[in-house]
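These numbers come from a predicted model, not from an experiment. Indexing begins at 1, ligand by ligand and atom by atom, following the structure's order.
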Amino acid sequence: MSDTQTSTLLTIRIVPDPVLRKTARAVTPADAAQVRALIPQMFATMYAAPGIGLAAPQVGVLLRLVVIDIAPEKTPAPLVLINPEVVAASPESATREEGCLSLPEQYAQVVRPAWVRVKYEDERGARREIEGDGLLAACLQHEIDHLNGVLFVDHLSALKRNMLLRKLAKEQKEKTSRK
Ligand code: GNR
Ligand code: NI
């Protein structure tokens, strides 16, 4: 059985959990054991959710670590990004509907650069780069935002953000009262 299937599922933190608003710190070689253990748990949690990306702060870990798989149904393409940084972005913007596992059942159109290049370290510590447009570009930026305490709602107007956050609070309250 694969790691994904045997791994414990981590608890995904939901807004307004304060950990989601903190800046994560860079992963160092001293974090190797924790990061190695966390990666399969984060993939398992992301696939189970289901989601196409997960940043460590979403599971309460303030490290600059992200997992992504934008095509889990088709050909799985798991991607681990350690200390990722956007090093280039297109001047053109693209608008796409985004959701976030930390804001369950909330969706909005988000405007971001259409294309980005991201440098990062892989799980073996090798320096790598990835570039992409479309869903991959949105996902890369969305996950790197999480490492900086930024959520997709921060890219919306204050009016839309507040509407969405109030709707989330109401729905979460209803969920709790039903349990
Ligand atoms: O599952 C997710 N879908 C998604 C759709 C559009 C843009 C970004 C994303 S990421 C999100 C999972 C998540 O919350 N990652 O932090
Ligand atoms: Ni998210």
Side-chain angles (χ1 to χ4, degrees), residues 4 7 9-25 27 35 38-86 89-90 92-118 120 123 130-157 160-161 163-165 167-169 171-172 175:
T4 332
S7 278
L9 296 187
L10 305 168
T11 303
I12 298 177
R13 306 300 187 90
I14 307 297
V15 167
D17 191 318
V19 78
L20 296 169
R21 290 311 198 171
K22 302 209 161 123
T23 300
R25 71 159 173 87
V27 171
V35 166
L38 204 50
I39 289 168
Q41 298 179 336
M42 284 179 62
F43 274 115
T45 304
M46 179 187 80
Y47 288 128
I52 59 166
L54 187 69
Q58 292 182 275
V59 293
V61 177
L62 286 169
L63 290 176
R64 302 188 79 83
L65 166 65
V66 161
V67 298
I68 288 177
D69 191 340
I70 60 161
E73 308 259 291
K74 299 176 178 180
T75 28
L79 198 58
V80 176
L81 298 101
I82 294 168
N83 300 329
E85 266 180 68
V86 175
S90 63
E92 298 83 21
S93 304
T95 306
R96 167 175 295 273
E97 181 171 82
E98 294 193 20
C100 181
L101 297 173
S102 296
L103 295 104
E105 292 153 52
Q106 310 304 317
Y107 303 90
Q109 297 288 326
V110 178
V111 183
R112 301 182 184 271
W115 172 94
V116 288
R117 175 180 292 140
V118 170
Y120 65 98
E123 58 268 61
I130 186 169
E131 58 179 62
D133 60 9
L135 183 59
L136 179 60
C139 190
L140 286 165
Q141 294 173 77
H142 177 119
E143 300 313 333
I144 292 170
D145 272 355
H146 274 301
L147 305 180
N148 297 321
V150 174
L151 302 170
F152 80 85
V153 293
D154 300 332
H155 296 281
L156 309 177
S157 69
K160 283 186 186 160
R161 175 167 58 250
M163 280 175 55
L164 190 152
L165 291 174
K167 181 165 159 282
L168 173 67
E171 290 172 6
Q172 289 299 114
K175 251 188 211 175

Peer 1: So which heavy atom in the protein is nearest atom 14 (O) of ligand 1, and how far is it from that ligand atom?
Peer 2: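 Closest protein heavy atom to atom 14 (O) of ligand 1: L101 N, 2.8 Å.
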Peer 1: Nearest heavy-atom pair of A55 and E143: which atoms, and what distance?
Peer 2: N-OE1, 3.5 Å
Peer 1: Atom 3 (N) of ligand 1: which protein heavy atom is closest, and how many Å away?
Peer 2: I52 CG1, 3.4 Å
Peer 1: Which of the numbered atoms in ligand 1 are under 4.0 angstrom from any heavy atom belonging to E97?
Peer 2: 6 (C)
Peer 1: Hey, are the side chains of H142 and H146 touching, using non-hydrogen atoms and a 4.5 Å cut-off?
Peer 2: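 They are in side-chain contact.
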Peer 1: Using a strict cut-off of 4.0 Å, indicate which atoms of ligand 1 neighbour a heavy atom of G51.
Peer 2: 1 (O)
Peer 1: Is there a donor-acceptor pair under 3.5 Å between the side chain of Q106 and the backbone N or O of K167?
Peer 2: no
Peer 1: Provide the number and element of each atom of ligand 1 under 4.0 Å from a heavy atom of C100.
Peer 2: 14 (O)
Peer 1: Are there over 12 heavy-atom neighbours, none belonging to K160, within less than 6.0 Å of that residue's NZ?
Peer 2: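 For K160, atom NZ is not crowded (no more than 12 foreign heavy atoms under 6.0 Å).
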Peer 1: Hey, is R96 touching ligand 1 through its side chain, its backbone, both or neither, going by heavy atoms under 4.0 Å?
Peer 2: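 No part of R96 is near ligand 1 at this cut-off.
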Peer 1: State, yes or no, whether a side-chain contact exists between I39 and L65 at a heavy-atom distance under 4.5 Å.
Peer 2: yes
Peer 1: Taking the side chain as everything from C-beta on, heavy atoms only, tell me whether L140 gets closer than 4.5 Å to V86.
Peer 2: no
Peer 1: Would you mind checking which non-hydrogen protein atom is closest to atom 12 (C) of ligand 1, with the distance to 0.1 Å?
Peer 2: G53 O, 3.2 Å
Peer 1: Which of the numbered atoms in ligand 1 are under 4.0 angstrom from any heavy atom belonging to H146?
Peer 2: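 Numbered from 1, ligand 1 contributes 16 (O).
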Peer 1: Would you check if there is a donor-acceptor pair between the side chains of Q109 and T95 at a distance under 3.5 Å?
Peer 2: no
Peer 1: Starting from atom 8 (C) of ligand 1, find the nearest protein heavy-atom neighbour and note its residue, name and distance.
Peer 2: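 For this ligand atom, the closest protein heavy atom is H142 ND1, 3.5 Å.
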Peer 1: Hey, what do you get for CD1 (I68) to SG (C139), rounding to the nearest 0.5 Å?
Peer 2: 4.0 Å
Peer 1: Is it true that a side-chain atom of R21 and a backbone atom of G149 form a donor plus acceptor pair closer than 3.5 Å?
Peer 2: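 Confirmed, R21 side chain pairs with G149 backbone.
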Peer 1: Around the Ni ion (ligand 2), what protein N, O or S atoms are found below 2.8 Å?
Peer 2: C100 SG, H142 NE2, H146 NE2
Peer 1: With sequence neighbours left out, write down each residue that passes side-chain hydrogen bond (donor to acceptor under 3.5 Å, both in side chains) with K175, or none if nothing qualifies.
Peer 2: E105
Peer 1: Looking only at atom types and distance, does a side-chain atom of N83 sit under 3.5 Å from a main-chain N or O of V27, one as donor and one as acceptor?
Peer 2: yes
Peer 1: Give a yes/no verdict on whether any heavy atom in G99 is under 4.0 Å from an atom of ligand 1.
Peer 2: yes
Peer 1: For atom 7 (C) of ligand 1, what's the nearest protein heavy atom and its distance?
Peer 2: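 Of every protein heavy atom, E98 CG, 3.4 Å lies nearest to atom 7 (C) of ligand 1.
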Peer 1: Record the part of M46 in heavy-atom contact with ligand 1 below 4.0 Å; permitted values are side chain, backbone, both and neither.
Peer 2: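 Neither; nothing of M46 gets under 4.0 Å from ligand 1.
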Peer 1: Can you tell me which residue and heavy atom of the protein come closest to atom 10 (S) of ligand 1, and the distance to 0.1 Å?
Peer 2: E143 OE2, 3.5 Å
Peer 1: Given 3.5 Å as the limit, does a donor-acceptor pair link the side chain of S90 with the main chain of A114, or not?
Peer 2: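 Checking the backbone N and O of A114 against the side chain of S90, a donor-acceptor pair under 3.5 Å is found.
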